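Structure first, then comments.
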2 protein chains.
Amino acid sequence: MKTHTRASAGLAAPTPTSADVARLAGVSRATVSYVLNDSASGRVGERTREKVLEAARELGYVPNAAARSLRAGRSGLVLLDNPNVVWGPLLAEFMADLRRHLLRLGYTAVLYGGTAADQDSESAARRWAELRPTAVLFGLGVVLTPESVDMLKRSGTQAVVSWGGDQVPGAHWWRADMTGVGREAGTHLLERGRRRIGVIVPTDRTLEYFSEPRLAGVQDAVARFTRSKRLTKAGAPRVVRIDLDYTEQAGAELAARLPELDLDAIFAYNDEYAMLVAASLQDAGVRIPEDVALVGADDLMLGRLMRPRLTSVRTELPSGGVLAELVDRFVQAADAPPVTVDVGQAQIIVRDSS
Amino acid sequence: MKTHTRASAGLAAPTPTSADVARLAGVSRATVSYVLNDSASGRVGERTREKVLEAARELGYVPNAAARSLRAGRSGLVLLDNPNVVWGPLLAEFMADLRRHLLRLGYTAVLYGGTAADQDSESAARRWAELRPTAVLFGLGVVLTPESVDMLKRSGTQAVVSWGGDQVPGAHWWRADMTGVGREAGTHLLERGRRRIGVIVPTDRTLEYFSEPRLAGVQDAVARFTRSKRLTKAGAPRVVRIDLDYTEQAGAELAARLPELDLDAIFAYNDEYAMLVAASLQDAGVRIPEDVALVGADDLMLGRLMRPRLTSVRTELPSGGVLAELVDRFVQAADAPPVTVDVGQAQIIVRDSS
DNA sequence: TTGAAAGCGCTACCAG
DNA sequence: CTGGTAGCGCTTTCAA
């Protein structure tokens, strides 16, 4: 005898609860809970066990996460903020890896937020806090105010981890040395004898967490070089900041301004901007690398397809497994003070454009 | 007087509940609930209201979503599956837009899953169902079995929407005509007098939901052309399927095989593959478009930066607002039969490569 | 205008 | 080995 009605019949669908399973199996709700979580305390007989499993299958029972986390006091939810970044294959693989490992460790990973979804960090954090996540990871261009971090922790979040971006008081910090990319590019160009280096800085504000450190890295490379060679201020290499829209027109304008800028090298923020620069310069008759050396970053496929092939700086994004383990450690020891972990080695891939 | 202990003190952080707020404000929990949701029934006096708000602020109270949805019977959660696709700027903007509008409509949108995170659709769906989402959107290369859809609906999901990909029994279908891209490319090439068209099909299996329909679209364009011109089978244009890895080596091999293939046009799946093809052919001395016309798709910036500039097919991704409204409608009328909505007009952008 | 209390689905304690 | 039951935090009806 069926007592429930089909959803398509227009009546409220009767989502089965553990009580329904218990009734069908002829046991108590407690027993159902024991079987479904095969919990250590209260061992259940093999026959009962079978009956419960069978009943659950027949009803298509799915436990209710809200009820469970309400009772358990922890949700097992890990909120990953959605980085404000184009998802290249590298990042996609990393995120998938991270998710997989968190799953293995018993967490439910969820991407939340993303480009310009909430206006202020405060209201975003409040929305996160409502879900009572066990851990929150944010970074790659997203910042949380210290107040937001505090709100999360006060509402039970065991671990808040800043990832890649800035340090935030109260949060763990999985630090990626964002200046390494620029330093690697600068050092390489100096070794090749270039002394007048333009650095492309995208005008897109959402990229500034990457672009500014990359510029700073080049400046640092030049400063070290100047020091080690004991050069005078006048004899030191030059670094020119070039703000650039990601449009063909902006590229053409840069090409027109080039003589006045008097550069012999450009570090183009990343491979996509490098391609824009290359196309613009080549249209204007500038030879790469003879007149101007060009270096990109992120080692995208398109760099290998450009002619000349593009020299690029690759950043190692460490395995998602490592971050997952780290998060788990932080969660276990929620009271420990914030920890800083360093990652992200930059490495130059020399091809034909420099 | 502070009665709470700091999280950093090593004691369990006392997450404030609505009862705490009530106590501090000197009212009942019911009143707190009324004020915080400014619910119509049970109007509260202005003075009490102030007191409650003040108390909530002082305690840093954040409501518990699990408790709320348990009581309310609906979570307001919209699960967006994370498409198995590189997030270009177009898709990123669309997703952000969708999220924004869902937020406006009172939903909490969350990205869930993604590349190869769960093995089978079944276990993924079970994990989703545990969260008792109000709606689930999936698509762009991800499929859910009819059984999974059924499980979701039986566990209270009001609307399951397949987005872009295949139709799934029981789910609404926001259909994007994936063949339109290929048809547009094929028609354009035929108009330009090309009769021997190679179609690149990526070997990457995760792309087949895009690549196969794009190939089919070209074939359809040729079939229409043949019919309208009343051509004999022997005189009809030719379509050659070319499976291709996304590697430089595969590109070089294609270039070597080109004379044997005897093509005068290539539709390259998308702009990235088009760039690979262009670089390979040009290295081999093939002229574009004189010897071989080349068409990409997705209208990426890189197509405008290539030389010759790349002809590309652009797909209109309609506004996220439209999808959001649609989802809301589906949720309101959860019992209505599955609906199909058509979207995604393809449009050729002619540049210099064809 | 406000308060008391029931109950959403689940787990974990304690009895039997 | 199994069942009764309290209670997680919240909303909402009913009574005062």
Side-chain angles (χ1 to χ4, degrees), chain A residues 12-52 55-56 59-77 129-132 134 154-156, chain B residues 12-52 55-56 59-77 129-132 134 154-156:
Chain A
T15 308
T17 74
S18 80
D20 295 324
V21 176
R23 203 171 309 121
L24 182 58
V27 299
S28 78
R29 277 152 60 225
T31 305
V32 171
S33 176
Y34 292 143
V35 171
L36 264 39
N37 306 316
D38 44 43
S39 108
S41 60
R43 282 192 323 226
V44 182
E46 191 53 36
R47 266 209 37 77
T48 338
R49 202 182 131 72
E50 279 302 330
K51 269 196 307 189
V52 170
L59 292 175
Y61 170 71
V62 177
N64 182 322
R68 175 183 307 202
S69 65
L70 187 57
R71 175 64 233 229
R74 24 170 274 106
S75 62
L77 219 56
E130 287 185 358
L131 296 176
R132 297 290 190 272
T134 299
R154 288 179 48 95
S155 61
Chain B
T15 309
T17 74
S18 81
D20 295 325
V21 176
R23 202 171 309 120
L24 182 58
V27 299
S28 78
R29 278 153 59 226
T31 305
V32 171
S33 177
Y34 292 143
V35 171
L36 264 40
N37 305 318
D38 43 47
S39 111
S41 61
R43 284 194 321 230
V44 183
E46 191 53 38
R47 266 206 41 73
T48 338
R49 200 184 133 73
E50 280 302 331
K51 270 196 307 190
V52 170
L59 291 175
Y61 170 71
V62 177
N64 181 323
R68 176 188 308 221
S69 62
L70 189 57
R71 174 65 228 227
R74 25 171 273 109
S75 62
L77 217 58
E130 287 184 359
L131 297 176
R132 296 291 188 273
T134 298
R154 287 180 50 95
S155 61

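Proteins come first, then strands; the chains are lettered A, B, ... in the order of their sequence lines, and each starts at number 1. Remember, it's a predicted structure, so these values are computed and weren't measured experimentally.
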**Asked** Could you state the CG-P distance from A/D38 to C/dA12, rounded to the nearest angstrom?
**Response** 12 Å
**Request:** Rounded to 10°, tell me the angle between the two end axes of the helix from C/dT1-D/dA16 to C/dG16-D/dC1, each built from five pairs.
**Result:** 40°
**Asked** Any side-chain N or O of B/S18 less than 4.0 Å from the OP1 or OP2 oxygen of D/dG9?
**Response** no
Atom pairs, N/O to N/O, protein against nucleotides 14-16 of chain D, distance under 3.5 Å?
none

**Message:** Can you give me the closest heavy-atom contact between B/T134 and B/G76, atom names plus distance?
**Reply:** OG1-N, 2.9 Å
**Fill in**
Nearest-nucleotide check on DNA chain D, B/A65 vs A/R49; residue mapping nearer the 5' end is A/R49
**Request:** Please determine if a side-chain N or O atom of A/S69 lies less than 4.0 Å away from the OP1 or OP2 oxygen of C/dC10.
**Result:** no
**Prompt:** Taking only N and O in the side chain of B/S28, is any of them less than 4.0 Å away from OP1 or OP2 of C/dT2?
**Reply:** no
**Message:** Is the shortest side-chain heavy-atom distance between B/V21 and B/L24 below 4.5 Å?
**Reply:** no
**Request:** Under 4.0 Å between any heavy atoms, over every strand shown, what does A/V32 touch: base, sugar-phosphate, or nothing? Just pick one.
**Result:** nothing
**Request:** Measure from CZ on A/R68 to P on D/dG9 and round the result to the nearest Å.
**Result:** 18 Å
**Asked** Taking OP1 and OP2 of D/dT11, is either one under 4.0 Å from a side-chain nitrogen or oxygen of B/N37?
**Response** yes
**Item:** Spacing between B/R132 atom CZ and C/dG9 atom C1', to the nearest angstrom
**Value:** 9 Å
Check the interface with nucleotides 5-8 of chain D: list each N/O to N/O pair with the protein under 3.5 Å, or write none.
residue	atom	partner	partner atom	Å
D/dG7	N2	A/R71	NH1	3.1
D/dC8	O2	A/R71	N	3.4

**Item:** Gap separating the OG atom of A/S75 from the CG atom of B/L131, nearest 0.5 angstrom
**Value:** 10.0 Å
**Request:** To the nearest Å, give me how far apart CZ (A/R23) and P (D/dG3) are.
**Result:** 14 Å
**Asked** Roughly how many Å is it from CZ in A/R74 to P in C/dA12, rounded to a whole number?
**Response** 11 Å
**Message:** Tell me whether the side-chain N/O atoms of A/T48 come closer than 4.0 Å to OP1 or OP2 in D/dT2.
**Reply:** yes
**Prompt:** Starting at the 5' end of DNA chain C and moving along, which residue's nearest nucleotide shows up first, B/E46 or A/P16?
**Reply:** B/E46
**Request:** Kindly write out the residues that satisfy salt bridge (charged side-chain N to carboxylate O under 4.0 Å, His left out) with A/R74, not counting sequence neighbours, or none if the list is empty.
**Result:** none
Can you list, pair by pair, the side-chain donor-acceptor contacts under 3.5 Å of residues 66-73 of chain A, counting residues two or more places apart and other chains?
residue	atom	partner	partner atom	Å
A/S69	OG	A/A65	O	3.2
A/S69	OG	A/A66	O	3.3

**Item:** Residues which pass salt bridge (charged side-chain N to carboxylate O under 4.0 Å, His left out) with B/E50, listed by chain and number, not counting sequence neighbours
**Value:** none
